[in-house]
Asks: 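Here it is: the structure, laid out below.
Per chain, numbering begins at 1; letters A, B, ... match sequence-line order.
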There are 2 protein chains.
Amino acid sequence: MTDDENLESTEAEARAVESRAEAFIGVREARRSEVAEDYVELIAELIHENGEARPVDIAARMGVTAPTVAKTLGRLARDGLITRAKYRSVFLTEEGRALAKECRHRHEIVLRFLLSLGLDPETAERDAEGIEHHVSERTLALFAAFAQRS
Amino acid sequence: MTDDENLESTEAEARAVESRAEAFIGVREARRSEVAEDYVELIAELIHENGEARPVDIAARMGVTAPTVAKTLGRLARDGLITRAKYRSVFLTEEGRALAKECRHRHEIVLRFLLSLGLDPETAERDAEGIEHHVSERTLALFAAFAQRS
DNA sequence: GATGATTATTAGCCTATGCTAACTTTTTGC
DNA sequence: GCAAAAAGTTAGCATAGGCTAATAATCATC
């Protein structure tokens, strides 16, 4: 060991710092796609239930105003997740549908897991909404296995 | 039941829509404080470990640049969570310390819970970082109880 | 104690995500 | 088929949270 073992001079410290940074960077990345995922998931659901996804219904369910929805839909369209025509409903692209399916899958697993822990449905739904964007594949597998055997 | 039971015209539907919106609003609220919580938690840790929290160390651990840290610290100071003097280290206010403690507590419980599920430490740390901001008190209690009896 | 390296700040830019106000288009109901 | 209501859009504003480039202050070393 070298003579400078004061504030984080060791290799191990440096590695710890870097791995921590990577964790935060990962979380920030997840955060960036959260809104898109929430919208796409909701759009898929509305199409399934009502045959179409109207901005006004999206706004009501997301708890935001219509202009906010319009702007977000613009980003989703730019990113190739939806298609839309002016003053018309929204449709998912192939890519959007795939993302929606994946999100729904994650959401379901997290929700079932929380319920199987004994959480009340209301709280489970709320927490699942926030948690689903932050569970790794590995964690998701554990959640699924746990809910299964309960 | 009234004659219009087509697209969400029932009371039950309306309640479901509203409760969904509330869930999303809650998630957005949680998102707004995530960064502040991460910083405060990290600052507390740095002070504990190194005796002081320097912007350069915060930046390294958060995986962001120094100007980003400066701007965020400005917000934390504005919000009464930290105090600082120009070109000096950062200190937590009473309020900041309380928040840090609460965050650390939540983080610990989520982390221990994930570990007790059998997750590897690396992934557990990453996921805990993202999940900790989105667990209700109720869920946290269940997590704690589960980790306890494992 | 001067000077080079490190650290911190400032200025200025960008994107995402929210809002309100004002306007346009579509839908609905007589 | 027209007028009012509902839905959608646009413009413009704000905040958070990133960045780079440039500047300023502090620290460490000789």
Asks: Please check this pair: side chain of B:Arg54 against backbone of B:Val90, looking for a donor-acceptor N/O pair closer than 3.5 Å.
Replies: no

Asks: Rounded to whole Å, please give me the gap between CZ in A:Arg88 and C1' in C:dT26.
Replies: 7 Å

Asks: Starting at CG of A:Asp57 and ending at C1' of D:dA7, how long is that distance when rounded to a whole Å?
Replies: 10 Å

Asks: Specify the separation, in whole Å, of atom CG of A:Leu73 and atom C1' of D:dT9.
Replies: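 These atoms are roughly 11 Å apart.
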
Asks: What do you reckon, is CD of A:Gln148 surrounded by more than 12 foreign heavy atoms closer than 6.0 Å?
Replies: no

Asks: For A:Glu52 and D:dA6, give me the distance from atom CD to atom P, rounded to whole Å.
Replies: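 My rounded result for the distance is 17 Å.
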
Asks: Measure from CZ on B:Arg84 to P on D:dT26 and round the result to the nearest Å.
Replies: 14 Å

Asks: Establish, from distance only, whether the side-chain atoms of B:Arg126 and B:Thr123 form a donor-acceptor pair under 3.5 Å.
Replies: no

Asks: Check the side chains of A:His107 and A:Glu102 for a donor-acceptor pair under 3.5 angstrom, ignoring hydrogens and angles.
Replies: no

Asks: From CZ of A:Arg54 over to P of D:dA5, roughly how many Å is that when rounded to an integer?
Replies: 18 Å

Asks: For the aromatic rings, using the six-membered ring if either is Trp, is the centroid distance between A:Phe24 and B:Tyr39 under 6.0 Å?
Replies: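 Here the rings of B:Tyr39 and A:Phe24 have centres that are no less than 6.0 Å from each other.
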
Asks: Any donor-acceptor pair under 3.5 Å linking the side-chain atoms of A:His133 with those of A:Glu34?
Replies: no

Asks: For nucleotides 15-22 of chain C, list the nitrogen or oxygen atoms of the protein found under 3.5 Å from its nitrogen or oxygen atoms, one pair per line.
Replies:
from, atom 1, to, atom 2, distance (Å)
C:dA16, OP1, A:Arg78, NH1, 3.4
C:dA16, OP1, A:Arg78, NH2, 2.9
C:dA16, OP2, A:Arg78, NH1, 3.3
C:dT17, OP2, A:Arg75, NE, 2.7
C:dT17, OP2, A:Arg75, NH2, 2.9
C:dG18, OP1, B:Arg28, NE, 3.1
C:dG18, O6, A:Lys71, NZ, 2.4
C:dC19, OP2, A:Thr65, N, 3.0
C:dC19, OP2, A:Thr65, OG1, 2.9
C:dC19, OP2, A:Thr68, OG1, 2.6

Asks: Could you tell me how far apart A:Tyr87 (OH) and D:dA7 (P) are, to the nearest whole angstrom?
Replies: 14 Å

Asks: Rounding to a whole Å, what distance do you find between B:His133:NE2 and D:dA16:C1'?
Replies: 15 Å

Asks: With a cut-off of less than 4.0 Å, is there a side-chain N or O of B:Lys86 near OP1 or OP2 of C:dT10?
Replies: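 Answer yes for this pair, as a side-chain N or O of B:Lys86 is under 4.0 Å from OP1 or OP2.
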
